[in-house]
Amino acid sequence: MRYSVPQLSLQGGRVNGGLLATILSSIVFLAVCVLIYAQFDGQVTVGPIGGNHNGQPITPQQKRNWRIVGVGMLALCLVATVAFFLFRHHKAGDDAKPSNASAKPSVSQAVTSAPPNTSPDPSDMGTPSSSSSPSFSTAPPESVSVLLSGSEVPDGMKVSTDGDGGGEVTDWSVDDVTIGNQTFDSAFVARCSLLCSGGEQSWYDVKLARKYKWFDGSFGIAADSPANDRTHTVKVEITDRGTGRKLEAFTLKYGAVIPVKQLDVSEVGILRIRFYGWLGDMHVAVGEPTVRQ
């Protein structure tokens, strides 16, 4: 009968459990054989099975020696078995604990798991990358507005002068002007003070130089006008003096306010506001005229 001796298989410092069980069972088998051999009565004299090497029966002292060997082998097998299970239990506890090293992917794993980026970098193509370009939070530009009535009209914007020799008067700065039921802090006022017959005209020329986009103002007859007949009217025309283009036209009546909001003056060099009518008893007012960029 042939017995094949299993070979040890070591992997990572651990002995294969099945191989160790085979070794331990072989030790147990040999120990049992020794104990059986030690129980012979010593009458058999066939070689080493029943006697000593000289063909003589074994002595009582030899039986005791074989029993000691068999018990020792069994004890060794028991100790090895207990040590094996304690070792397995200890390793199982260590494997259950998370390892910081195992939680982090290795460099090779990180390289092989991430797909390659085949798209070209925008910076290589001369195009700024959205991720690398700095972002700036800029506030919207502040709207610039200029009040055209009052005592602080900017230099260069006031083209026409106050008054003329024919009796028509154009006053750029009148405070607390009431039109209808509204009162304004400042206003234009146009009136006639000499030889007034109802065909008078007056105007305001404002130099915008195409720097402004919108014009706002409130048009009407000043409440303190000395009119005996309040049915008289005054016509208003707002034009681009350089081209003669008419931007707006309407008729003023006493007690009414006509608001002009966001009139487009973006292409106007000089803005002319012209009044024609009964300027002697109907004083025309433009409350808080303003241009805005």
Side-chain angles (χ1 to χ4, degrees), residues 141-180 182-194 196 199-225 233-254 256-280 282-293:
E142 183 180 357
S143 177
V144 177
S145 62
V146 176
L147 181 64
L148 299 178
S149 62
S151 59
E152 297 182 359
V153 180
D155 293 337
M157 296 188 70
K158 188 177 179 181
V159 179
S160 57
T161 60
D162 294 342
D164 57 41
E168 288 84 2
V169 176
T170 58
D171 194 340
W172 286 74
S173 179
V174 178
D175 298 332
D176 299 327
V177 176
T178 300
I179 305 173
Q182 300 181 36
T183 300
F184 301 90
D185 293 338
S186 66
F188 287 154
V189 174
R191 62 182 183 271
C192 175
S193 61
L194 180 66
C196 302
E200 298 82 20
Q201 62 177 337
S202 180
W203 59 83
Y204 295 88
D205 287 343
V206 181
K207 186 176 181 180
L208 302 182
R210 298 180 176 85
K211 296 180 180 180
Y212 299 89
K213 187 173 184 181
W214 308 113
F215 171 84
D216 298 334
S218 297
F219 290 74
I221 304 299
D224 59 355
S225 297
T233 60
V234 178
K235 294 181 180 180
V236 179
E237 289 183 354
I238 304 176
T239 60
D240 180 352
R241 198 185 81 172
T243 63
R245 180 169 57 97
K246 186 180 296 185
L247 306 178
E248 189 67 82
F250 46 85
T251 300
L252 300 178
K253 296 180 180 181
Y254 187 86
V257 178
I258 297 180
V260 175
K261 300 294 182 182
Q262 293 188 353
L263 179 65
D264 187 358
V265 294
S266 56
E267 298 299 324
V268 176
I270 296 179
L271 182 71
R272 167 165 287 189
I273 304 175
R274 177 178 176 271
F275 309 102
Y276 177 82
W278 293 87
L279 298 182
M282 293 291 190
H283 298 173
V284 179
V286 183
E288 298 179 5
T290 304
V291 288
R292 294 181 288 111
Q293 289 183 344

With sequence neighbours left out, what residues match [X] under side-chain hydrogen bond (donor to acceptor under 3.5 Å, both in side chains)?
X	result
T178	T183
S186	S149
S145	none
S266	D264

Nearest-0.5 Å distance, [atom1] of residue [X] to [atom2] of residue [Y]:
X	Y	atom1	atom2	answer
I238	L263	CD1	CG	5.5 Å
M282	C196	CE	SG	13.0 Å
L208	I270	CG	CD1	9.0 Å

Legend entry - Y254 side-chain N/O to G180 backbone N/O, donor-acceptor pair under 3.5 Å: no
Legend entry - Donor-acceptor pair, side chain of S173 and main chain of D171, under 3.5 angstrom: no
Inset, instruction - State which residues pass ring pair (Phe, Tyr, Trp, His ring centres under 6.0 Å) with F215; sequence neighbours excluded, sorted by chain then number. - result: none
Legend entry - Pairing residues for W278 by the ring pair (Phe, Tyr, Trp, His ring centres under 6.0 Å) criterion, not counting sequence neighbours: H232
Restricting to non-hydrogen atoms, name the atom on [X] and the atom on [Y] that form the minimum distance, rounded to 0.1 Å.
X	Y	result
S225	H283	OG-N, 3.0 Å
V189	Y204	O-OH, 2.5 Å
Y276	G199	CE1-O, 3.5 Å
W203	T170	O-CG2, 3.5 Å

Inset, instruction - Would you please test I179 and V177 for side-chain contact (heavy atoms from CB on, under 4.5 Å) and show each step? - result: CA-CA 7 Å; I179 305 173; V177 176; 4.2 Å; yes
Inset, instruction - With sequence neighbours excluded, give me every salt bridge (charged side-chain N to carboxylate O under 4.0 Å, His left out) pair touching residues 203-213. - result: D205-R241, D205-R272
Output a table of donor-acceptor pairs, distance under 3.5 Å, between side-chain atoms of residues 245-252 and any protein atom two or more places apart or on a different chain; print 'none' if there are none.
none

Legend entry - Partners passing salt bridge (charged side-chain N to carboxylate O under 4.0 Å, His left out) against D240 (at least two apart in sequence or in another chain): none
Inset, instruction - Indicate yes or no: at least one non-hydrogen side-chain atom of F275 is less than 4.5 angstrom from one of Q201. - result: no
Legend entry - Stepwise side-chain contact (heavy atoms from CB on, under 4.5 Å) check, I273 with F219: CA-CA 11 Å; I273 304 175; F219 290 74; 3.8 Å; yes
Legend entry - side chain to side chain donor-acceptor pair (under 3.5 Å): pairs with one or both residues in residues 214-223, sequence neighbours excluded: D216-R292
Inset, instruction - Could you give me the CA-CA distance, side-chain angles and deciding distance for E288 and L147, then say whether side-chain contact (heavy atoms from CB on, under 4.5 Å) is met? - result: CA-CA 7 Å; E288 298 179 5; L147 181 64; 4.0 Å; yes
Legend entry - Flag if over 12 foreign heavy atoms under 6.0 Å of CD, Q262: yes
Inset, instruction - List in chain and number order the residues that pass side chain to side chain contact (heavy atoms under 4.5 Å, CB included) with V146, two or more places apart in sequence or in another chain; answer none if no residue qualifies. - result: L148, P154, M157, Y212, V291
